[in-house]
Amino acid sequence: MAQERIKPRNLRGFQDFLPPSAQARQRIVDTFREAFELYGFAPLETPALETEEVLLSDMGVDANKQIYRFSDLENVKVGLRFDFTVSLARTVAANLNRISLPFKRYQVGPVWRYDKPKRGRYREFTQIDLDIIGVAPYEPEVEMVAAVARGLGKLGADNYIFRVNDRRYLGEVLERLGVVPEKGKDIFRVLDKLQKQGEKKVRDELTGKLLLQDFESALEYERMQEVAIPGEAADGLLAAIKDTSGLREHLGGFLARVEQEGVGEGNIVADPSLTRGLDYYTGFVCEVDIRGAESLGSVGGGGRYDDLLGRYSANPLTGVGMSVGLDRLADALAATGVLEADAGQSSAQVFVAVFDDALRAECASIARSLREAGVPAEMWLAGGNRNGRTLSKQFKYADKVGIPLAVVAGEDELAKDPPCVQLKDLRTGYGQEGKQNEIPRDELVAWVKELLA
RNA sequence: GGGGAGGUAGCUCAGCUGGAUAGAGCGCUGGUCUGUGGAACCAGAGGUCGAGGGUUCGACCCCCUCCCUCCCUACCA
């Protein structure tokens with residue numbers, strides 16, 4: 001009796017990446033890895049699963065809801081990492097005796113957040129994360145921004161823009177305006193909405209003038225009431241936020257140093273309204289966008305956290321870190337035409353056709369010689385003794401999976417002296433010059449390298 | 001989390017005011033074609049019409065519940 005068929009569906013907010021897009025993603029990761037290592041960053045790997053205790057140690061109430069949590073088969077309460085910072089803190093605290101400061105590391109991998117999936121937002125997504133532990137501002141910030149910018153530049157994405165700020169600068173502004181520092185975090189959260197919601201709405205929210213119906217819950221309304229500050233203070237805050245000169249001064253040589261590192265003036269701006277939501281940032285904060293793909297959301301962000309180890313160790317340690325969202329970056333680069341959305345399905349550069357099964361050994365040896373020379377080569381695997389009858393099918397396949405060159409070694413070519421092969425360029429159209437050549441077998445590798453160069 | 005629009009073949013969709021064996025294009029497989037890809041023609045495979053319940057002589061179509069997807073918002077990568 002027929003079993004009920006299972007629908008091949010994915011979990012909500014989870015996605016498969018078929019070879020074409022997986023290849024594009026890996027190219028991005030490789031590029032960042034290379035850029036980071038040029039600055040001396042080393043890889044770190046930590047588990048996807050952490051104990052609930054560790055995961056919840058540093059998060060605000062809001063973040064808790066987004067963490068995948070469950071009990072394992074031995075009833076241990078665990079959860080999937082929702083970013084790399086918590087794991088980093090735990091690892092550093094546990095290995096203080098083996099880590100020399102500054103500790104510079106990067107980590108690439110999936111993280112999980114249980115929120116409502118949307119364009120540019122997934123429940124499982126990949127972060128490319130970079131951190132420097134143990135050195136005061138702003139030299140680590142400079143290096144971090146420069147390393148990420150280098151990766152973006154190498155990808156050909158010159159259309160990036162960093163927005164940077166320092167929460168302490170805003171803290172000073174608050175103090176000058178007579179606002180108690182305890183309100184700082186909530187006020188930052190409100191100010192962060194400036195770009196999206198506009199000045200009036202932000203001012204109203206700061207002074208507590210929003211109507212109840214604008215709120216999703218009574219709890220949020222209550223919270224807003226706690227934030228409420230006097231009108232003059234709100235005006236002063238907004239004025240300070242619109243004027244970037246104070247911040248530029250606060251950041252000292254940071255901007256100049258970043259420029260020295262090759263980040264152009266057009267690729268970075270001081271933006272006092274940027275604060276970011278995460279509570280653990282205590283100083284520098286930044287965000288990266290791809291120009292022309294802003295609607296996808298920022299492709300990366302980060303900042304300085306001055307109490308990374310607070311919950312794990314008596315040693316205070318400062319650090320800066322940021323992460324690039326691979327999924328969003330790939331989307332943004334594809335949307336702005338920087339990177340092809342789709343590579344081929346095959347990673348081979350040469351397709352070796354099998355004229356007839358009787359000649360398979362010859363064909364395999366040709367494929368082998370290409371591989372020995374470092375050229376990815378794929379040989380036709382299906383077969384049948386058909387004397388060239390399947391060539392049509394083979395070329396169709398090679399073309400579809402995006403292999404640029406094809407080799408045919410049939411009876412006639414191999415019988416020549418010296419033995420020859422046909423080398424065909426699948427990228428060019430019919431009847432074009434140089435599309436197909438009969439060449440000595442010994443010269444194949446040289447010809448292939450020439451054509452691929 | 002709040003609001004809106006939708007789910008029919010692998011993909012994009014059509015399907016009359018509810019009527020009998022659910023269609024097209026693309027894609028896939030094979031053939032026309034025993035030495036050559038992107039073309040043309042022919043054939044084939046592929047659907048419990050998102051799931052469950054209800055109304056009805058009869059439901060892809062109407063009603064309810066659930067699931068899922070997309071868009072606009074709130075938060076983030």
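Owing to the predicted nature of the structure, the values given are computational and were not obtained by experimental measurement. Just so we're on the same page: letters track the sequence lines, and every chain starts at 1. Values below: every heavy atom of this structure, side chains too, minus hydrogens, waters and symmetry copies.
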Write down the partner of B:G18 under the Watson-Crick or G-U wobble criteria, each distance required to be under 3.5 Å.
none
Could one point to a donor on the side chain of A:Arg328 or the base of B:C76 with an acceptor on the other under 3.5 Å away?
yes
So what does A:Gln394 touch, heavy atoms closer than 4.0 Å: a base, only the sugar-phosphate, or nothing?
nothing
Which comes earlier along RNA chain B counting from the 5' end, the contact point of A:Glu411 or that of A:Lys118, where each point is its nearest nucleotide?
A:Glu411
May I ask which nucleotide in the shown strands pairs with B:U12, Watson-Crick or G-U wobble, both distances under 3.5 Å?
B:A24
Looking at every strand, decide which applies to A:Asp327 at a 4.0 Å heavy-atom threshold: base, sugar-phosphate, or nothing.
nothing
Figure out the CG/P separation between A:Leu326 and B:C76, and round it to whole Å.
21 Å
Considering only the C1' atoms, how many Å lie between B:C16 and B:C62, rounded to the nearest integer?
16 Å
I'd like to check, for A:Phe125, whether its ring lies over the base of B:A77 with centroids under 5.5 Å apart and a plane angle smaller than 30°.
yes
Between A:Ser347 and A:Gln23, is any side-chain donor less than 3.5 angstrom from a side-chain acceptor?
no
Counting side-chain heavy atoms from CB outward, which of B:G27, B:A77, B:G35 is closest to A:Ser323?
B:A77
Is the ring centre of A:Phe254 less than 6.0 Å from the ring centre of A:Phe284?
yes
Scan every strand shown for a Watson-Crick or G-U wobble partner of B:C62, both distances under 3.5 Å, and answer none if you come up empty.
B:G54
For A:Phe17, does the six-membered ring have the charged nitrogen or CZ of A:Arg25 within the cation-pi criterion, i.e. under 6.0 angstrom from the centroid and within 45° of the normal?
yes
Can you identify which nucleotide, out of B:A77, B:G35, B:G38, has its nearest atom closest to the A:Asp399 side chain?
B:G38
Spacing of the P atoms in B:U12 and B:U17 (rounded, Å):
26 Å
Counting the atoms with a prime plus P, OP1 and OP2 as sugar-phosphate, which does A:Tyr122 contact under 4.0 Å by heavy atoms, base, sugar-phosphate, or nothing?
base
Out of B:G35, B:G38, B:C76, minimum distance to the side chain of A:Arg121 belongs to B:C76
Find the partner of B:G6: check Watson-Crick (N1-N3 plus N6-O4 or O6-N4) and G-U wobble (N1-O2, O6-N3) distances, both under 3.5 Å, and reply none if neither fits.
B:C68
Pick base, sugar-phosphate or nothing for A:Val299, based on heavy-atom distances below 4.0 Å to the nucleic acid.
sugar-phosphate
Do A:Glu378 and A:Tyr397 have side-chain atoms, one donor and one acceptor, less than 3.5 Å apart?
yes
Taking the P atom of each, how far is B:C70 from B:G30, in whole Å?
34 Å
Tell me the interatomic distance from A:Gln127, atom CD, to B:C76, atom C1', rounded to whole angstroms.
10 Å
In this structure, how many angstroms lie between the P atom of B:G38 and the NZ atom of A:Lys396, rounded?
7 Å
Has the side chain of A:Asp289 got a donor or acceptor atom that lies under 3.5 Å from a matching backbone atom of A:Ile161?
no
Whole-Å P distance, B:G58 and B:A40
47 Å
Between A:Lys393 and A:Ala409, the residue closer to the 5' end of RNA chain B by nearest nucleotide is A:Lys393
Compare the minimum distances between each of B:G35, B:U36, B:A77 and the side chain of A:Ser298, then state the nucleotide with the smallest one.
B:A77
Measure OH/A:Tyr397 against P/B:U29 and give the value in whole Å, please.
11 Å
Quickly work out the A:Asp289 CG to B:C76 P distance and round it to whole Å.
14 Å
Separation of A:Tyr281 atom OH from B:C76 atom C1', in whole Å?
11 Å
Just do the side-chain hydrogen bond (donor to acceptor under 3.5 Å, both in side chains) check on A:Gln107 and A:Arg105 with the steps written out, would you?
CA-CA 7 Å; A:Gln107 186 162 5; A:Arg105 63 98 245 202; 3.1 Å; yes
Would you indicate which nucleotide in B:A77, B:C68, B:U36 comes nearest to any side-chain atom of A:Gln422?
B:U36
Pairwise C1' distance, B:U55 and B:C64 [rounded to whole Å]
11 Å
Give me the one residue out of A:Tyr68, A:Phe82, A:Tyr122 that meets ring-ring contact (aromatic ring centres under 6.0 Å, His included) with A:Tyr114.
A:Tyr68
Are a donor atom and an acceptor atom from the side chains of A:Tyr281 and A:Asn165 found within less than 3.5 Å of each other?
no
Closest to side chain of A:Lys116, choosing from B:G35, B:G3, B:A77:
B:G3
Between B:C68 atom P and A:Arg119 atom CZ, what is the distance in whole Å?
20 Å
Pick base, sugar-phosphate or nothing for A:Glu124, based on heavy-atom distances below 4.0 Å to the nucleic acid.
nothing
Span that lies between the P atom of B:C28 and that of B:C71, in whole angstrom
28 Å
Atom P, compared across B:A24 and B:C41: separation rounded to whole Å:
15 Å
Pairing partner of B:C41, by Watson-Crick or G-U wobble and under 3.5 Å for both distances, is B:G31
In whole angstroms, how far is the P atom of B:G38 from the CD1 atom of A:Ile403?
16 Å
In whole Å, what separates the C1' atom of B:C33 from that of B:G19?
47 Å
